[in-house]
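All remarks here apply to the structure that follows.
Everything numeric here is computed off the predicted structure, so don't read it as measured data.
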Amino acid sequence: MQTNSTLKDVVVWTQPQCPVCDTAKKLLEQLGIHYTTQNIASTETKQLFFSTFPGARSVPQISVSGKWVGGLQELKRLLDDNSKTLKMV
C-alpha cells in the first residue's frame with residue numbers, strides 16, 4: 001500500500017476502548033490520509049450513527065466523501081484497490 005491522497009473527507013466512527021477503531025486510525029495515519037472522528041459515546045452522536053448507518057452493528061464504520069465504506073476490512077480492501085489502480089497509471 002502507498003499513500004493515496006485521492007481519499008477525501010474520511011470519517012471514522014469510533015468509540016472509546018475500541019482496538020479495531022485504533023487500528024483503522026493508525027493505518028490511515030501511516031498512509032498520510034487525513035481523517036476526522038465521530039465518537040459514538042454520546043447519545044446524540046450514537047443516534048446520528050444509527051441513522052447514518054442503519055445496518056451497522058459495530059465500529060469502526062468509515063465513510064469517504066460521504067459514501068459508506070464499511071469497517072476495517074473494507075477500508076483495507078479500498079486502500080489496496082486504490083494502490084493497485086495507482087500502480088497501473
Side-chain angles (χ1 to χ4, degrees):
M1 286 186 246
Q2 63 192 72
T3 302
N4 186 347
S5 60
T6 61
L7 296 180
K8 303 287 185 202
D9 300 318
V10 178
V11 180
V12 180
W13 294 76
T14 185
Q15 68 182 9
Q17 300 177 352
C18 172
V20 180
C21 300
D22 294 340
T23 300
K25 293 184 284 187
K26 183 175 245 177
L27 176 61
L28 292 168
E29 290 167 7
Q30 289 172 342
L31 295 172
I33 298 171
H34 176 74
Y35 66 90
T36 58
T37 60
Q38 289 286 339
N39 188 330
I40 67 166
S42 76
T43 302
E44 183 178 300
T45 307
K46 189 177 286 188
Q47 289 172 343
L48 179 59
F49 172 79
F50 285 117
S51 67
T52 304
F53 308 106
R57 297 292 172 245
S58 64
V59 288
Q61 292 298 317
I62 299 149
S63 63
V64 176
S65 299
K67 296 180 183 173
W68 179 56
V69 172
L72 176 60
Q73 296 307 314
E74 292 81 10
L75 175 63
K76 286 180 177 179
R77 261 194 301 276
L78 174 68
L79 293 170
D80 189 47
D81 289 348
N82 282 350
S83 177
K84 288 175 186 171
T85 301
L86 289 173
K87 289 178 185 174
M88 294 171 61
V89 174

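- For Ser51 (side chain) and Leu48 (main-chain N/O), a donor-acceptor pair under 3.5 Å exists by modelled atom type.
- In this structure, the side chains of Thr14 and Val59 stay at 4.5 Å or more apart for every pair of heavy atoms.
- Remark: Asp22 engages Lys25 in a salt bridge, criterion side-chain N to carboxylate O under 4.0 Å.
- Counting heavy atoms from C-beta outward, Thr37 and Val11 have side chains that stay 4.5 Å or more apart.
- Two residues are said to be in side-chain contact when any heavy atoms from C-beta on lie closer than 4.5 Å; Thr36 and Val12 fail this criterion.
- Proximity of Gln38 to Phe49: side-chain heavy atoms (C-beta onward) are nowhere separated by under 4.5 Å.
- Note on ring orientation: taking the six-membered ring where Trp is involved, the planes of Trp13 and Phe53 are perpendicular (angle over 60°, cut-offs 30° and 60°).
- Listed by first and then second residue, the disulfide (SG to SG under 2.5 Å) pairs that reach into residues 30-77 come to none, sequence neighbours excluded.
- Legend: residues meeting salt bridge (Lys or Arg N to Asp or Glu O under 4.0 Å) with Asp9, ordered by chain and number and at least two apart, are absent.
- Using a 4.5 Å heavy-atom threshold, the side chains of Phe50 and Arg57 count as touching.
- Glu29 pairs by the salt bridge (Lys or Arg N to Asp or Glu O under 4.0 Å) definition with nothing, not counting sequence neighbours.
- In terms of modelled atom types and a separation under 3.5 Å, the side chain of Ser63 and the main chain of Gly66 share no donor-acceptor contact.
- Glu74 places a side-chain N or O within donor-acceptor distance of the main-chain N or O of Gly71, the cut-off being under 3.5 Å.
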